[in-house]
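Beneath this line is the structure, given in structure tokens, with notes to follow.
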There are 2 protein chains.
Amino acid sequence: MSIRKPKQALYEQFAIVAKALGHPQRLELIEHLAQGTRSVDLLATKLGLPIANVSQHLQTLRRAGLVHAEREGKFVNYRLADNTVLSLFASVRSVAERHLAEVDRIVRGYFDARDAMEPVTREELATRMRDGLVTVIDVRPADEFALGHVPGAINVPLACLQERPPEIDPDREVIAYCRGPWCVMSFEAVAALRKRGFQARRLEDGLPEWKAAGLPVEVML
Amino acid sequence: MSIRKPKQALYEQFAIVAKALGHPQRLELIEHLAQGTRSVDLLATKLGLPIANVSQHLQTLRRAGLVHAEREGKFVNYRLADNTVLSLFASVRSVAERHLAEVDRIVRGYFDARDAMEPVTREELATRMRDGLVTVIDVRPADEFALGHVPGAINVPLACLQERPPEIDPDREVIAYCRGPWCVMSFEAVAALRKRGFQARRLEDGLPEWKAAGLPVEVML
DNA sequence: CTGTCATTCAATAATTCGATTGAATGATTT
DNA sequence: AAATCATTCAATCGAATTATTGAATGACAG
């Protein structure tokens, strides 16, 4: 049957892509790679996994065309193939949020104050920043901040934020953001800020989505 | 670590969705369900697989929230959860087409006359149909045609088309469509029509995408 | 050239997934 | 109620995936 063979072969390829996304830790790797180019052992450190394990997962992602690898001296740096990978991830997330009761349960259980944490849209933030009305804080670790951040944002890693009050104007609203839609850091940051009396909200999604939306990004040299 | 557990749990859910797409035959099931609501053994017949096997795959898809099941008398009818499933599928396809060399190889090998088969866009077809300039044929099996088709299209299943020339005006261009972007039937149909001297082209994608684009669909009662 | 470091490869064991078979369930018909 | 049909469940076996370990490779520093 020459009529069904090519389709079969194509569908096997599509399945390779989907299968590569079918592992929680590979999804987390993608989230980290969305922040910028990263080496294997940096990723291993961030995820708290053995290097060999991370290396294997990265190769699965590479075979699926989701990431590219490039040697630079001793290190091998991985990066996302392009923005379509992020939108694929977003599609998966969207279907899961819509149709899996378990997702709803987790969100309600851990993010129960979520209604009070309605995010600020990117457009709204861009406007209000132009008018100088808000303080924007990036709660990701310093190395991720360095790879790119919202222009004018100040870097207050979540760990620091929870230790001592940040040195920011208490009369201006604070907008916090982190890695992406379900990165818990911005949720925790808003909770910590509010407990200290700040008026705080989250930015929708994280830096990768801000960047993908074509908004300006500041990079530290 | 209360900070990483909810994310982990969410990512496991996202992985369930991705994993469900990670099998060629489940992708094919989705393609068929995109045509409309279908029973288990109808799908089993169409794919040429054992019923129990198809039932299991469908349950995997159900657990991932991609399809819904509904009992109707003796039959259990499955349908796609909603249009976001189709766009998820499209995202997977897009990444695979962009980044997997093997996809390119398959396409070149089997669809080598593809350049000569540049598809007609949905908008173009809608316009030209309004002006009555083209003949539109739906080369899917009759049962799929019955569940919904482009208004005014005539049903000439591929098998029939290859047996004997269709009874259509040889002076008008013929536009053929089938199940979706990589459904080979419309490719074969165009090849067959051209061999018989017709001027023929493919519609981009298939009926599900036409429908998802909000264009009108005719249903047989 | 040797040592060190980052990464990958290779081998193993544990787990999960997939296809197949036959029995069990649920609904309809006689 | 018994028979029939569509579907699911349960159990099996073989195949594929995963985590882990240790050895091999490639690049750089001394």
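Order of the sequence lines sets the chain letters (A, B, ...), proteins ahead of strands, with each chain counted from 1.
Taking atom CD1 of residue A:Ile16 and atom C1' of nucleotide D:dA16, one finds them 13 Å apart after rounding to whole Å. In this structure, CD1 of A:Ile51 is placed 14 Å from C1' of C:dT4, rounded to the nearest angstrom. Distance, A:Gln59 CD to C:dA6 P: 18 Å, rounded to whole Å. Rounded to whole angstrom, the span from the CG atom of A:Asn77 across to the P atom of C:dT7 amounts to 8 Å.
Remark: the A:Gln35 side chain and the A:Arg140 side chain contain an N/O donor-acceptor pair separated by less than 3.5 Å.
Atoms NZ and CD, from A:Lys46 and A:Glu31 in turn, are 11.0 Å apart once rounded to the nearest 0.5 Å.
At a threshold of 4.0 angstrom between heavy atoms, the contacts of B:Ser39 are confined to the sugar-phosphate backbone, with no base atom among them. In this structure, B:Arg26 reaches the sugar-phosphate backbone alone: every heavy-atom distance under 4.0 Å involves primed, P, OP1 or OP2 atoms, never a base.
Counting only heavy atoms from C-beta on, A:Lys19 has its side chain closest to D:dT17 among D:dT8, D:dT17, C:dG18. Candidate nucleotides C:dA6, D:dT7, C:dC9 were compared by shortest atom distance to the side chain of A:Asp41, and C:dA6 ranks first.
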Indicate every side-chain donor-acceptor pair of residues 63-72 of chain B with a distance under 3.5 Å to a residue at least two apart or in another chain.
from, atom 1, to, atom 2, distance (Å)
B:Arg71, NE, B:Gly73, O, 3.3
B:Glu72, OE1, B:Asn77, ND2, 3.2

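Legend: residues meeting side chain to side chain contact (heavy atoms under 4.5 Å, CB included) with B:Asp41, ordered by chain and number and at least two apart, are B:Ser39, B:Ile51, B:Phe75. With sequence neighbours left out, B:Ala15 forms a side chain to side chain contact (heavy atoms under 4.5 Å, CB included) with A:Pro24, A:Leu27.
Listed by first and then second residue, the ring pair (Phe, Tyr, Trp, His ring centres under 6.0 Å) pairs involving residues 38-59 of chain A are A:His23-A:His57 (not counting sequence neighbours). The salt bridge (Lys or Arg N to Asp or Glu O under 4.0 Å) analysis of residues 204-221 of chain A, with sequence neighbours excluded, yields the pairs A:Arg122-A:Glu204, A:Arg122-A:Asp205.
For the pair A:Thr60 and B:Tyr78, both in contact range of DNA chain D, the more 5′-proximal nearest nucleotide belongs to B:Tyr78. Residue-to-nucleotide proximity on DNA chain D shows that, of B:Leu58 and A:Gly22, the 5′-proximal contact is made by B:Leu58.
Look at B:Ser55 and you won't find any side-chain N or O under 4.0 angstrom from OP1 or OP2 of D:dT7.
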Going 5' to 3' through nucleotides 19-30 of chain D, assign each nucleotide B (protein heavy atom under 4.0 Å from a base atom), S (under 4.0 Å only from sugar-phosphate atoms) or - (no protein heavy atom that close). BBB-----SS--
